[in-house]
Peer 1: 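Take this structure, written in C-alpha cells, and hold onto it; I'll ask about it next.
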2 protein chains.
Amino acid sequence: MTRGRTNPDFLNGVPELVVLRLLSQRPMYGYELVKAIEQSSGQGLEFGEGSIYPVLHRLEAEGALSSRRMEVAGRSRVVYRVTVPGKRKLSEALEAWRRVVGAVERIMESDEHGSPALA
Amino acid sequence: MTRGRTNPDFLNGVPELVVLRLLSQRPMYGYELVKAIEQSSGQGLEFGEGSIYPVLHRLEAEGALSSRRMEVAGRSRVVYRVTVPGKRKLSEALEAWRRVVGAVERIMESDEHGSPALA
DNA sequence: AGCTTATACCTGGAACCACGAGGCATGGCA
DNA sequence: TGCCATGCCTCGTGGTTCCAGGTATAAGCT
C-alpha cells in the first residue's frame with residue numbers, strides 16, 4: 001500500500017486485504033487470525049505469523065485498526081478490530097482488488113484480438 | 001515467481017503472468033508489449049517499461065522466452081516468443097493465479113461463518 | 001532548420017513486502 | 001520432565017516493482 005503510483009497496490013497487499021476483511025467480520029487476535037486465514041481460504045492461503053504481525057502493526061499505526069490487550073487463562077492476547085477509516089480502507093482495497101482481477105482476467109481470456117498491435 | 005514457499009507467487013508475478021500470456025498469443029517486442037498490456041487490460045494495468053524489460057530479461061534467462069533482434073525502419077526491435085518450457089510455466093502460473101483468486105474470493109464472500117474461531 | 005514527440009532499447013537504485021528463522025513465555029498433557 | 005500448542009514479537013534476506021534517467025533514430029510541426 002502506501003505508494004501505488006500507476007497501478008494500485010494489487011499484487012502485494014493481499015495479506016492486508018484479507019486481514020481487514022476477516023477482522024471486519026469479527027475482532028480477532030493475531031494468532032487466531034493466522035489460523036482463520038488458512039481455514040476460511042480453504043487452505044488456499046497460508047500466511048505465517050511473520051507476515052501477519054507486521055501487517056497488523058502497520059494497519060494499527062495507520063489508524064485502520066485498534067487493539068485491546070486481554071488476559072485469558074494466563075495468556076496475553078491482543079485483539080484487533082477495524083476502525084471506521086479501516087472500513088473505508090477495506091472497501092477501497094476490495095475495489096482495487098476487483099479491478100485488478102478483472103483486468104488480468106480480461107487479458108487471460110483475450111482472444112488474440114482486441115490488441116491489434118501498433119507496429 | 002522463483003520462490004513461493006508456503007504460498008505460490010500470487011501477488012507479485014502478475015507482470016510475469018501477463019507477459020507470458022500475451023506473448024503466447026503473438027510474439028511481440030518490449031515496447032509493443034507495454035502498450036498491449038494497457039490496451040488488452042482495458043487500462044486496468046499499466047506497467048512501465050522499467051517493469052517490463054526486467055521481466056523479459058529474467059524470463060529469457062530462465063529459458064521461458066527466446067528473442068530475435070530485428071531491424072525495422074531504422075529501428076531495432078527485440079522480438080520475444082514463448083518457448084515450450086515457457087508455455088508450461090504459463091499454465092502453472094495461471095493455475096496458481098486462479099487458486100489465489102479463488103481463495104481470496106472465498107474469504108471476501110465468507111459470511112462470518114465457516115471459521116468458528118479456535119478460542 | 002530546429003524542436004518536440006513517439007519509438008525503442010536499457011539500467012541503477014530505492015522502496016517495499018513477504019517470509020523464514022528465531023526468540024521469549026505460559027499452559028497442558030503424557 | 002519434556003514436548004507441543006498457544007501467543008506475542010523482530011530481524012534479515014530475497015525478491016519484485018518501478019521511478020528516474022540515459023541513449024538513439026524517425027517523424028511531425030512550425
Peer 1: Between protein and nucleotides 22-24 of chain D, what N or O pairs are separated by less than 3.5 Å?
Peer 2:
none

Peer 1: Can you tell which of dC9(C), dC9(D), dT11(C) lies closest to the side chain of Y31(B)?
Peer 2: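 Ranking dC9(C), dC9(D), dT11(C) by closest atom to the Y31(B) side chain puts dC9(C) first.
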Peer 1: Are S51(B) and dT17(D) close enough that a side-chain N or O sits under 4.0 Å from OP1 or OP2?
Peer 2: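 It does not, given that no N or O in the side chain of S51(B) lies less than 4.0 Å from OP1 or OP2 of dT17(D).
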Peer 1: Salt bridge check, K89(A) against E62(A): does any charged N sit closer than 4.0 Å to a carboxylate O?
Peer 2: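 Judged by the 4.0 Å cut-off on N to carboxylate O distance, E62(A) and K89(A) do form a salt bridge.
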Peer 1: Can you tell me which residue among L22(A), V19(A), L23(A), L59(A) is in a side chain to side chain contact (heavy atoms under 4.5 Å, CB included) with Y80(A)?
Peer 2: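 In the set L22(A), V19(A), L23(A), L59(A), the residue that makes a side chain to side chain contact (heavy atoms under 4.5 Å, CB included) with Y80(A) is L23(A).
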Peer 1: What is the separation between atom OH on Y80(B) and atom P on dA8(C), rounded to the nearest whole Å?
Peer 2: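 Taking atom P of dA8(C) as the reference, OH of Y80(B) is at 14 Å.
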Peer 1: Between dC10(C) atom C1' and E60(B) atom CD, what is the distance in whole Å?
Peer 2: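 It is 14 Å, rounded to the nearest whole Å.
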Peer 1: Expressed in angstrom and rounded to an integer, what is the separation of K35(A) atom NZ from dC8(D) atom P?
Peer 2: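 In whole Å, dC8(D) P and K35(A) NZ are 11 Å from each other.
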Peer 1: Is the closest side-chain heavy-atom distance between M108(A) and L17(B) below 4.5 Å?
Peer 2: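 A side-chain contact under 4.5 Å exists here.
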Peer 1: Closest-nucleotide mapping onto DNA chain D: is G50(A) or V72(A) further toward the 5' terminus? I mean the 5' end.
Peer 2: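 Final value for this comparison: V72(A).
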Peer 1: Is any side-chain N or O of R58(B) closer than 4.0 Å to OP1 or OP2 of dT17(D)?
Peer 2: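 Checking R58(B) against dT17(D): at least one side-chain N or O falls below 4.0 Å of OP1 or OP2.
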Peer 1: Return the nearest nucleotide to the side chain of R69(B); candidates are dC9(D), dC9(C), dC19(C).
Peer 2: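 Taking heavy atoms from C-beta onward, the closest nucleotide is dC9(C).
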Peer 1: Look at the side-chain N and O atoms of Y29(A) and state whether any lies under 4.0 Å from the OP1 or OP2 oxygen of dC8(D).
Peer 2: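 No, no such contact exists.
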Peer 1: CD1 of I52(B) versus C1' of dT16(D): gap in Å, rounded?
Peer 2: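 Interatomic distance, CD1 of I52(B) to C1' of dT16(D): 12 Å.
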Peer 1: Taking only the side-chain heavy atoms of V55(A) (C-beta and beyond), determine which of dC8(D), dA18(C), dC18(D) contains the nearest atom.
Peer 2: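 The listed nucleotide nearest to V55(A)'s side chain is dA18(C).
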Peer 1: How long is the line joining CE of M70(B) and P of dA8(C), in whole Å?
Peer 2: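 So the CE-P distance, M70(B) to dA8(C), works out to 11 Å.
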Peer 1: Could you give the CD-to-C1' distance, from E46(A) to dG20(C), as a whole number of Å?
Peer 2: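 Between C1' of dG20(C) and CD of E46(A): 14 Å.
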Peer 1: Who passes salt bridge (Lys or Arg N to Asp or Glu O under 4.0 Å) against R98(B), sequence neighbours left out?
Peer 2: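 Residues passing salt bridge (Lys or Arg N to Asp or Glu O under 4.0 Å) with R98(B): E105(A).
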Peer 1: Find the distance N12(A):CG to dC18(D):C1' and express it as a whole number of Å.
Peer 2: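 Rounded to whole Å, this separation is 12 Å.
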Peer 1: Is there a side-chain contact between L33(B) and Y31(B), using heavy atoms and a 4.5 Å cut-off?
Peer 2: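 Not touching, per the 4.5 Å side-chain cut-off.
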Peer 1: According to side chain to side chain donor-acceptor pair (under 3.5 Å), who are the partners of E49(A), at least two apart in sequence or on a separate chain?
Peer 2: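 In terms of side chain to side chain donor-acceptor pair (under 3.5 Å), with neighbours along the sequence ignored, E49(A) is linked to no residue.
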Peer 1: Using a strict 4.0 Å threshold on nitrogen-to-oxygen distance, state whether R58(B) and E16(B) make a salt bridge.
Peer 2: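 So R58(B) pairs with E16(B) through a salt bridge.
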Peer 1: For R77(A) and dC9(D), what is the distance between atoms CZ and P respectively, to the nearest whole Å?
Peer 2: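 Atom-to-atom, R77(A) to dC9(D), this comes out as 14 Å.
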Peer 1: Would one find a side-chain N or O of H57(A) under 4.0 angstrom from OP1 or OP2 of dT10(D)?
Peer 2: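 Affirmative; the distance criterion is met.
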